[in-house]
Amino acid sequence: MNAKSSIKTAPQHEQLGLSDAEVVDMYRYMLLARKFDERNLLLQRAGKINFHVSGIGQETAQVAAAFALDRERDYFLPYYRDYGFVLSVGMTLKELMLSAFAKAEDPNSGGRQMPGHFGSKRLRIVTGSSPVTTQVPHAVGFALAAKMKKQDIVSFVTFGEGSSNQGDFHEGLNFAGVQKLPVIFMCENNQYAISVPIKKQLAGKVSDRALGYGFPGVRVDGNDALEVYRVVKEARERAVRGEGPTLIEAMMYRLSPHSTSDNDLAYRTKEEVDENWKKDGIPKMKSYLIQHGLWSEEQDEALHREISQQLKDAIEAAELAPFPKPEDTLLHVYASEGEE
Ligand SMILES: Cc1ncc(C[n+]2csc(CCOP(=O)(O)OP(=O)(O)O)c2C)c(N)n1
Ligand SMILES: [Mg+2]
């Protein structure tokens, strides 16, 4: 063995500045989001909750992005599939279940919005609306505020690739580019906009659109947690240095139907879906951890049991919680005295 080949290179996560504990934590959140999502699909089929819009296949990029941000200070404008993201920045399973069960204590909307419309003052998650992409100009506004206040924080916003064809996307990116604002735009390109496949939505790459607005656009494998972490971290560093926005296009696949109201096999084949399950980032992350001696099958089984128990507790609490009262319909719709 020559001297060169005996030099050990540090594992990828260490090279990126992630500790062993952090990379294990990333996997925990990815699995937590997956199990939460799978359970909600079952709860909807069992008639316990009305509706679920799933993020299965997108958790890897969501969790990795969250870990690359300042989870104590940045502002977040996630879109409806971002369970992995909101869990990673501190939303609890109980809070998400209160939302799924449409209960009054749901911090996102007091049980009045469709699930997946995240909002939390505590976690700096900015309330979103149902029209897709409205969150993009909002994120640009938050970045403008950060710049005016000379704060070294960023706003981070996600959206689907279909939504990147809406005017709000282009207006938001243009303004952010001109003003060099600290905002990170992450497109979760899951290759479908409901029943419309990617080839009928876009003739080019979403990431290339950044060129027209004067800042970098990066396409990344959304099933590779460490790669997503790397590009989001770099984007954040650029933003706080005052160099402006970055557009990230994370490539992934929507493994579940659009929502519980959708039959995806009406417009795509089971073979295509099965093929994409092979690219799932969660088992990939597990293998990485095992390969580096950070995880074992025993620990994995224990984590599955732990998550099952957490889900059971969250569901029980949400089922027991009261529904919103009809007379509270206008609560938080208009500012009341003393409310910010
Ligand atoms: C302005 C607007 N138009 C249409 C809709 C209906 N709608 C909800 S989700 C969706 C598909 C969006 O696709 P994409 O942006 O790729 O996100 P994905 O659902 O695939 O994550 C559509 C058309 C909407 N909510 N808002
Ligand atoms: Mg899509």
Side-chain angles (χ1 to χ4, degrees), residues 33-34 36-37 40-41 44 50-66 76-86 108-109 112-119 126-140 156-173 185-210 217 219-223 228 247-268 272-273 276-277 279-281:
R34 173 66 54 90
F36 166 80
D37 210 310
N40 271 26
L41 290 170
Q44 196 275 342
N50 289 318
F51 181 76
H52 180 61
V53 58
S54 163
I56 292 180
Q58 306 190 197
E59 308 92 330
T60 301
Q62 296 167 359
V63 172
F76 312 122
L77 295 95
Y79 92 123
Y80 45 86
R81 299 194 194 280
D82 275 332
Y83 302 105
F85 185 86
V86 298
N108 294 288
S109 74
R112 289 176 294 178
Q113 271 270 41
M114 218 186 240
H117 289 62
F118 306 110
V126 181
T127 311
S129 299
S130 287
V132 295
T133 340
T134 45
Q135 71 274 23
V136 170
H138 297 166
V140 173
F156 173 82
V157 59
T158 56
F159 46 87
E161 80 294 341
S163 307
S164 76
N165 299 315
Q166 291 254 145
D168 306 57
F169 169 89
H170 297 278
E171 292 168 33
L173 268 72
F185 304 102
M186 188 170 97
C187 173
E188 297 188 24
N189 186 340
N190 63 10
Q191 304 183 48
Y192 280 91
I194 313 187
S195 56
V196 183
I198 184 79
K199 60 178 183 299
K200 289 190 183 165
Q201 298 179 50
L202 289 147
K205 292 180 185 171
V206 174
S207 54
D208 284 348
R209 291 173 165 179
R219 189 180 247 200
V220 65
D221 177 359
N223 286 313
V228 174
L247 170 63
I248 296 165
E249 181 183 18
M251 301 305 292
M252 52 187 70
Y253 186 86
R254 198 195 72 213
L255 291 167
S256 47
H258 173 75
S259 72
T260 48
S261 308
D262 176 42
N263 170 18
D264 60 326
L265 296 182
Y267 53 83
R268 64 182 184 180
E272 180 189 305
V273 180
N276 279 283
W277 269 103
K279 300 179 195 157
D280 186 7

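Ligands are counted one by one from 1 in listed order, and the atoms in each one are counted from 1 as well. The first residue of the sequence shown is numbered 1, and numbering continues consecutively from there. Note that the structure is predicted; figures quoted are calculated from it, not measured.
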Closest to atom 20 (O) of ligand 1 among protein heavy atoms sits Tyr192 O, 2.6 Å

Closer than 2.8 Å to the Mg ion (ligand 2), do we get an N, O or S atom from Tyr192, backbone or side chain? yes

Would you call Ser261 and Phe51 a side-chain contact if the rule is heavy atoms closer than 4.5 Å? yes

Do any nitrogen or oxygen atoms of Ala193 lie less than 3.5 angstrom from nitrogen or oxygen atoms of ligand 1? no

Heavy atoms only: which of Gln166, Gln191, Arg254, Met252 lies closest to atom 1 (C) of ligand 1? Gln166

Identity of the nearest option to atom 11 (C) of ligand 1, non-hydrogen atoms only, from Ile194, Asp82, Asp168: Ile194

Are any N, O or S atoms from Glu188 nearer to the Mg ion (ligand 2) than 2.8 Å? no

Quick check against the 3.5 Å criterion: does Arg81 have a side-chain atom that pairs as donor or acceptor with the backbone of Arg254? no

Protein residue, atom and distance nearest to atom 17 (O) of ligand 1, heavy-atom basis: Tyr80 OH, 3.2 Å

Tell me the protein heavy atom at minimum distance from atom 25 (N) of ligand 1, and give that distance in Å. Ser130 O, 3.0 Å

May I ask you to check whether over 12 heavy atoms, not counting those of Asp208, lie within 6.0 Å of atom CG? yes

Check the orientation of Phe169 and Phe159. Use parallel for under 30°, tilted for 30 to 60°, and perpendicular for over 60°. perpendicular

Can you list the atoms of ligand 1 that are under 4.0 Å from a heavy atom of His258? 9 (S), 19 (O)

Gln201 side chain to Lys199 main-chain N or O, any donor-acceptor pair under 3.5 Å? no

Which heavy atom of Asn108 sits nearest to which heavy atom of Gly119, and what is that distance? OD1-N, 2.9 Å

Whether the side chain of Asn165 engages the backbone of Gly162 through a donor-acceptor N/O pair (distance < 3.5 Å, no angle test) should be reported. yes

Between Arg34 and Asp280, does at least one N-O distance fall below 4.0 Å, as a salt bridge requires? yes

Of all the non-hydrogen atoms in the protein, which one sits nearest to atom 15 (O) of ligand 1, and at what distance? Ser163 OG, 2.5 Å

What are the atoms of ligand 1, with element, lying closer than 4.0 Å to any heavy atom of Gly162? 14 (P), 15 (O), 16 (O)

Which residue, Phe76, Phe85, Phe185, forms the ring pair (Phe, Tyr, Trp, His ring centres under 6.0 Å) with Phe156? Phe85

Measure from the Mg ion (ligand 2) to each N, O or S atom of Asn190 and report whether any distance is below 2.8 Å. yes

For atom 8 (C) of ligand 1, what's the nearest protein heavy atom and its distance? Val132 CG1, 4.1 Å

Would you say Gln201 has any N or O atom under 3.5 Å from an N or O of ligand 1, going by distance alone? no

Determine whether any protein heavy atom is located less than 4.0 Å from atom 6 (C) of ligand 1. no

How about Asn223 and Thr60: does a side-chain donor come under 3.5 Å of a side-chain acceptor? no

